[in-house]
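Reviewing the structure listed below.
Protein chains get the first letters and strands the later ones, always in sequence-line order, with residue 1 at the start of each.
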Amino acid sequence: MSETNPKFKVTIDGVEVEVDPGTTILNAARLIGGDVVPPAMCYYSSLQGSGGKCRTCLVEVSKGSEKDPRPMPKLVASCSTPIMDGMEVKNKSSEKVMDARAGVVEMLLINHPLDCPVCDQAGECHLQDLAYEHGKSTTRYEFERRTFDKVDIGEYIKLHMTRCILCYRCVYTANQLTDKREHGVLKRGDAAEIGTFIEKNLKNEFIGNVIDVCPVGALTDKTFRFRSRVWYTKPMDAHRDCKCCSGKAVVWMIGDEVARVTARKDQYGEVKEFICNECRFEKKDKSDWTIEGPRHIDRSSVISANHYEVEAPSHTPLLNKA
Amino acid sequence: MDRKLLLEHIGVEGIQTHDVYRKQGGYKAVEKALKSMSPDDIVEEVKKSGLRGRGGAGFPTGMKWSFIAKPEGVPRHLLCNADESEPGTFKDRYLMEKIPHLLIEGMILSSYALGCNQSYIYIRGEYMYVLQILEKAIAEAYANGWLGKNIKGSGFDLDLAVSTGAGAYICGEETALIESLEGKRGNPRIKPPFPAVKGLWGRPTVVNNVETIAAVVPIVNEGGDAYAQIGIGRSTGTKLISASGNINKPGVYEITMGITVEEFIYSDTYCGGMKNGKKLKACVPGGSSVPILPHYLVCKTAAGEDRLMSYESLSDGGFATGSMLGSGGFIVYDEDQCIVRNTWNFSRFYHHESCGQCSPCREGTGWMEKVLHRLEYGHGKMEDIDLLWDIQRKIEGNTICPLGDAAAWPVAAAIRHFREEFEWHVNEPKLCTTKNYGLVTEKKFEPVNA
Ligand SMILES: Cc1cc2nc3c(=O)[nH]c(=O)nc-3n(C[C@H](O)[C@H](O)[C@H](O)COP(=O)(O)O)c2cc1C
Ligand code: SF4
Ligand code: SF4
Ligand code: FES
């Protein structure tokens, strides 16, 4: 291959796409979009080293490459397997994959508290979506579920470990965004838990981002906890002059009030530009923000089913004055 | 035909010390290698010898060594895996305890072959007293010029250090071992990249078992071809077997690959037959991770041929009727033992040892343990047997590291071969809490003594 810009061809569920060498199967699928994209509960493109753990993104490689067409003997994690030229991958079209994925979802749920009615993440929880798509309505697990005490990690963040799926995203966030490592995993196996070096000790300008990366309701914003169901809020793109971060955020309004502030997430629920604690936790006045207009929320949030976006005249900060 | 390559001098008084070891021909291989062999020559001899990894997977050692990346100016590392935590396996401990200089000599030869100047032995934390033996031996090796700068004037430098684990089986998995050695939590890494390319501190690294490294000594002394003459087929040389269970003489034996399983269990040279004249019920031939074999598949394969102590013969028949040589942890069960209890016990181990990184292993191992516990204690249901089958199936092959498979296989094999024993536990909820299945059934196990 001597051309200046060699591309690899890969086929996923029968759809062909050309990608740069080194691209993972998952990212190739995301270039295609739609149904061929495997669900990803632990991979997070902006967090180095993430992925490989949850196993929800398993796919079947039915042809290894043009050079070596043998299928791969086991299902592989699409988020951490690079594509080869001529590779053929099956996601939704493989029964084996669907079966294994249902198994993974079942495993993720056996110890999950399923307290969705009182969980702040409800409505924008990736596990809820995944369970809806791949799970069963009954459980075969008849033992007591694992529980942990809720703890405050720092002034603004609540850790409800019982809901955690150990995706390690918050660990990578704490390691990569903050300057002092004080957040990690303690113990092992199903006793493993997220812990901070000294409980209540998460003080750092960027640590609030662990809330955004958490796919479930294990890490929640204490300034927002139990204030409202997410579907009663209206997300607006907003920005402010911030010395610490880009100041680009989403403010979730209830009437004229800023109920919570988050970073902006893409269609896969991933934050590309992290925000600082000041923006997230302390700027709760509408006048703190320049409101740009309704935020388009894709997938994984009930908000995406909301039609207020179309109804709202763009760039109008005041909506739905009740 | 009974060759001892590793344990030949084990009975010699003081063999733990450098001077006695040296008198018995110790460090001759290092002298020979540094004087007359290039690193590639050693790799070549190891390839010729057919030596396969003794840590469990049986990967050809010479081939593994030839995969190590050699980028300019980047140090490489050899790590000796002495984490030995697989239930039923205790051969590495024996070797390090009885003849520590053999491992050190093997480390020097292997490091030289791979071009490593800083090598490590990662030893299981519970082996504290062995650590002391090793450290003493290493100090002697330094004092006698076998380690350090410019070894015996050859220009080759090697530093050797021992590092201890802290009680985690998972740190025997090579990438978890590397993480642990780097001072991190012992979570297995996601591969690729493989250690041969990016291992310890991102440098090319080889991880080998204690016994594998020790076997390099006789290979260098006698030549790869001579080593390959010993054994059978692709199972060359000798193998240390840790024998335990209901046998007369539990212990560590060095066998020539290819002797029959029957000879190993019944001859006085090895296990000395079943204890108390009981009959053989089952055998786990390669450590707790490998499938259990019912009595009729222990000494004979499904095809009726003699089962041999070799990689190929023990896995003859695949998982349907065979097992694996694994780490050589040979556990024998007599007719009184309870397979459900044994499976629960293994399951408890894997549940306790899972690192918890991936969902199927983290959640599935605990689930299996709970279901097995319920069956063993008379609260089980008939559906539990199929449930167990399904859980193990959902774990196997879907995890980051082979611990998931290792947790699944013993459960699958026990159900495959001893399903009626599981059913009995459901049908006899009272009896099964007071007596082992083996003690109450009239079932006759075919005598396998010739
Ligand atoms: C959970 C787990 C535990 C392991 N424990 C050990 C061990 O204690 N000792 C060992 O030599 N290999 C162990 N292995 C195998 C190693 O990963 C590796 O394959 C081996 O050290 C390679 O050495 P060899 O090629 O000389 O056999 C373990 C593997 C797994 C998955
Ligand atoms: S707390 Fe949330 S982000 Fe952190 S490991 Fe658990 S599920 Fe993942
Ligand atoms: S298979 Fe088990 S031990 Fe291995 S990485 Fe996954 S959770 Fe950890
Ligand atoms: S997203 Fe690939 S394993 Fe979790």
Can you tell which of A/E106, A/R55, A/K187, A/K74 has the highest number of heavy-atom pairs within less than 4.5 Å of chain B? A/R55

Side chain, backbone, both or neither: which part of B/E353 has a non-hydrogen atom closer than 4.5 Å to chain A? both

Looking only at A/E142, A/R140, A/R146, A/M41, the option with the highest number of non-hydrogen pairs under 4.5 Å against chain B is A/R140

Centroid-centroid distance, B/F349 to B/Y169, less than 6.0 Å: yes

Value rounded to 0.5 Å, distance of OH in A/Y141 from CE in A/M107: 11.0 Å

Max heavy-atom pair count under 4.5 Å with chain B, selected residue of A/A192, A/C54, A/G49, A/P73: A/C54

Side chain / backbone / both / neither for A/F143 at chain B, heavy atoms under 4.5 Å: side chain

With chain A, which of B/K370, B/H352, B/K191 has the greatest number of heavy-atom pairs at distances under 4.5 Å? B/K370

Please look at A/L75 and chain B and tell me whether the side chain, the backbone, both or neither of the residue comes under 4.5 angstrom of a heavy atom of that chain. both

Which bit of B/I170 comes within less than 4.5 Å of chain A, counting heavy atoms only: side chain, backbone, both or neither? neither

Counting only non-hydrogen atoms closer than 4.5 Å, does B/I400 touch chain A with its backbone (N, CA, C, O), its side chain (CB onward), both, or neither? both

Are the aromatic rings of B/H351 and B/W367 close, with centres under 6.0 Å apart? no

Answer with yes or no whether the side chains of B/Y122 and B/S180 bring together a donor and an acceptor at under 3.5 Å. yes

Among the options B/C358, B/S359, B/C361, B/G356, pick out the one with the most heavy-atom pairs lying under 4.5 Å from chain A. B/S359

Check this for me, if you would: do A/K67 and A/D85 make a salt bridge, where the nitrogen-to-carboxylate-oxygen distance has to be below 4.0 angstrom? no

Looking only at heavy atoms and a cut-off of under 4.5 Å, which of A/N111, A/I110, A/T56 has the most pairs with chain B? A/I110

Under a 4.5 Å heavy-atom cut-off, does chain A meet the side chain of B/K381, its backbone, both or neither? side chain

Give, as side chain, backbone, both or neither, the part of A/L109 having an atom under 4.5 angstrom from any heavy atom of chain B. neither

I would like to know whether B/E376 and B/C432 meet side chain to side chain contact (heavy atoms under 4.5 Å, CB included); could you show each step before the answer? CA-CA 7 Å; B/E376 167 63 10; B/C432 79; over 6 Å; no

NZ or CZ of B/R393 within 45° of B/W389 ring axis and under 6.0 Å: no

Just checking, B/R234 and B/Y311: is the charged tip under 6.0 Å from the six-membered ring centre and within 45° of the axis? no

Are a donor atom and an acceptor atom from the side chains of B/S327 and B/T89 found within less than 3.5 Å of each other? yes

Cation over ring face, B/R52 and B/F59, 6.0 Å, 45°: no

Which bit of B/T399 comes within less than 4.5 Å of chain A, counting heavy atoms only: side chain, backbone, both or neither? backbone

Tell me, side chain or backbone of B/R362 under 4.5 Å from chain A's heavy atoms, or both, or neither? both

Picking from B/K394, B/R189, B/E383, which has the most non-hydrogen pairs under 4.5 angstrom with chain A? B/K394

Contact part of A/L58 toward chain B, heavy-atom cut-off under 4.5 Å: side chain, backbone, both or neither? side chain

Determine whether the side chains of A/R101 and B/N398 contain a donor N or O and an acceptor N or O closer than 3.5 Å. no

